[in-house]
2 protein chains.
Amino acid sequence: MPAEATSSDVFWLRDEVARPPRRNTPLSLARIIDAAITELDATGVDRLTMRRLAERLEVTSTALYWHVKTKEDLLDLALDHVVGEVPVPAPDVPPRAGLQKLLVGWYSAMVAHPWSPSLLGRPLLGPNVLTRTEYIQAKLVEDGLAGKDLAAVTHTLAGLVLGSAMADATWQRIDDPAAIAKVRAHILDSADRYPTLSTSGFVDAGWSDNELFALGLDRVLDQFLGTK
Amino acid sequence: MPAEATSSDVFWLRDEVARPPRRNTPLSLARIIDAAITELDATGVDRLTMRRLAERLEVTSTALYWHVKTKEDLLDLALDHVVGEVPVPAPDVPPRAGLQKLLVGWYSAMVAHPWSPSLLGRPLLGPNVLTRTEYIQAKLVEDGLAGKDLAAVTHTLAGLVLGSAMADATWQRIDDPAAIAKVRAHILDSADRYPTLSTSGFVDAGWSDNELFALGLDRVLDQFLGTK
DNA sequence: ACCTGAACACCGTTCAAGT
DNA sequence: ACCTGAACACCGTTCAAGT
């Protein structure tokens, strides 16, 4: 039998504030991943700790472990989330154009989150990675590749994208122009040991990494694909 | 004035064992790097700690800091040491053959130390790396490349080698056949989402990574170099 | 179900002190 | 010059306990 309501016990007059303090927002896997990526973009991979991440989310570090098994799992999720930003071309885009678009997008997404290539040492098996790998192979098959050729081209394209992203992201993370100048000076000072590097424009960065990647990829696709 | 020797104070009778216990071998930067690589080969990159490394060398962990500034410096040195294993072809080897040889050697050295690609996130500026980068560009110039083309081809080849080494080393580190089987099963179970991957041989590893890399590199060099 | 607090077993690194 | 010992300021993670 429900207790009879007195005039003082009315919903509108009840002291809402006295209730257990409402969390700002309940924690969730998605929120944790978002916060991790924000933190990684801001501070880089070796500054991300579970404690700092928890602080940003206004919870205890140990609270994270209800949603995520380990820090490594979290990093895997963050990496796959970045790959999820890569647009997958529409099905009717022809192989050559579609591949170029997807691979440039993949490269760009990783360079935009320069910490992400340093996570490549772990198996890439997230749904976003697999979806895009499926696209790559599907387009190669559509272009007529199969068997060993297909395998070799898939490996080559994947290696090229990931390796270029890794190399370029490494340099991009160095925001100190003095450090860049030091590298330049080091090579130029050793012109006897590095005669080509010191005179070929290698240290002068006359072209953007992005530009060079797109150019190289274009020619590699020329070699591997029949149609243009 | 030297104290006169008594008959009991003879070199041959002196108690050698009572002297300060001779260290097995004095520490040195080279010995530290060697030990680090041995440890890395045996246990992988995230199991290497300064304390464990010190234990292997029979010193205190803090002793290492007299020879090395930070752990990161040590890892940079270890990586450059691995690249030092890559043979540089003789000067009279023609560009195409020389490049193929050096790049396959680079790939092989990194895969042989599967922890090394995961260190690529740091700038590659060691002497062994620069020597081999110099060789690559010198041979490309010898083949007639210059300017933007030279820059693009250098970046492409470097990206391809490092990315392929990274990807293949990742899989090689998984020595548990059950884990591999799980990946296979995961993709085959999702054949509707991954129709190409599940039927193209992607999961069957009919060819070695080494073989596929060499094949892909060969065709890329065909595209970039004039002579064969 | 979801989070806190205390605790454990580690880390890299510094620095005074020894030889 | 080269190494030890103690100490500092962190880590990731577990687990009992709270709500």
Side-chain angles (χ1 to χ4, degrees), chain A residues 14-40 42-79 115 118-119 121-122, chain B residues 14-40 42-79 115 118-119 121-122:
Chain A
R14 228 171 273 148
D15 194 358
E16 294 287 325
V17 204
R19 290 190 172 186
R22 257 234 164 294
R23 324 209 150 285
N24 310 346
T25 326
L27 218 48
S28 72
L29 189 54
R31 278 193 68 227
I32 293 175
I33 295 172
D34 274 359
I37 290 177
T38 307
E39 183 82 12
L40 285 163
T43 68
V45 76
D46 35 47
R47 298 280 284 272
L48 179 78
T49 70
M50 296 303 267
R51 292 174 209 255
R52 222 196 300 272
L53 180 58
E55 203 173 359
R56 174 185 286 274
L57 290 163
E58 300 185 62
V59 293
T60 317
S61 70
T62 57
L64 301 172
Y65 286 88
W66 196 90
H67 300 270
V68 114
K69 205 183 169 205
T70 64
K71 184 186 180 181
E72 297 220 308
D73 277 9
L74 176 55
L75 291 176
D76 286 347
L77 290 165
L79 180 58
W115 46 269
S118 59
L119 265 42
R122 311 182 36 75
Chain B
R14 228 173 274 149
D15 194 357
E16 294 288 324
V17 204
R19 290 192 172 184
R22 256 235 165 292
R23 324 208 152 287
N24 310 346
T25 327
L27 218 45
S28 71
L29 189 53
R31 277 194 68 227
I32 293 176
I33 295 172
D34 274 0
I37 290 177
T38 308
E39 184 82 13
L40 285 163
T43 68
V45 77
D46 36 46
R47 300 281 283 271
L48 179 79
T49 70
M50 296 302 267
R51 292 172 209 256
R52 222 196 302 271
L53 180 59
E55 202 174 1
R56 175 185 286 274
L57 289 162
E58 299 184 61
V59 293
T60 317
S61 70
T62 57
L64 301 172
Y65 286 87
W66 197 90
H67 300 269
V68 114
K69 204 184 170 207
T70 62
K71 185 185 178 182
E72 297 220 308
D73 276 10
L74 176 54
L75 291 176
D76 286 348
L77 289 165
L79 180 57
W115 46 270
S118 59
L119 265 43
R122 311 181 37 74

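Here is how names work: the chains are called A, B, and so on, in the same order as the sequence lines, proteins then strands, and each is numbered from 1.
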message = Once salt bridge (charged side-chain N to carboxylate O under 4.0 Å, His left out) is applied, do any residues pair with Arg47(A), and if so which ones, sequence neighbours excluded?
response = none
note = Sequence neighbours excluded, the answer for side-chain hydrogen bond (donor to acceptor under 3.5 Å, both in side chains) partners of Arg31(A) is none
side-chain contact (heavy atoms from CB on, under 4.5 Å) partners of Leu77(A), counting only residues at least two apart = Leu29(A), Ile33(A), Val68(A)
query = How long is the line joining CD of Glu55(B) and P of dC3(D), in whole Å?
reply = 17 Å
query = In whole angstrom, what separates Leu29(B)'s CG from dC2(D)'s C1'?
reply = 14 Å
task = Treat a base pair as Watson-Crick or G-U wobble with both distances under 3.5 Å, then lay out DNA chain D in dot-bracket form, 5' to 3', with | for cross-strand pairs.
result = ||.|||||...|||||.||
ask   = What closest approach, in Å, do Ser118(A) and Val45(A) show between heavy atoms, and which atom pair accounts for it?
value = OG-CG1, 4.1 Å
note = Rounded to whole Å, CG of Leu57(B) lies from P of dC2(D) at a distance of 15 Å
inquiry  = Nearest 0.5 Å, please: how far is CG in Leu74(A) from CD1 in Ile32(A)?
reply    = 7.0 Å
note = Taken in chain and number order and not counting sequence neighbours, the residues that satisfy side-chain hydrogen bond (donor to acceptor under 3.5 Å, both in side chains) with Arg52(B) are none
request  = Would you name the heavy atoms of Ala78(B) and Leu40(B) that are closest together and state the gap between them?
outcome  = CB-CD1, 4.4 Å
inquiry  = For dC3(C) and His67(A) - does any side-chain N or O of the residue sit under 4.0 Å from the phosphate oxygens OP1/OP2?
reply    = yes
side-chain hydrogen bond (donor to acceptor under 3.5 Å, both in side chains) partners for Glu72(A), two or more places apart = Arg122(A)
request  = Mark up nucleotides 7-18 of chain D, 5' to 3', with B wherever a protein heavy atom is under 4.0 angstrom from a base atom, S wherever such an atom reaches only the sugar-phosphate, and - elsewhere.
outcome  = ----BBBB----
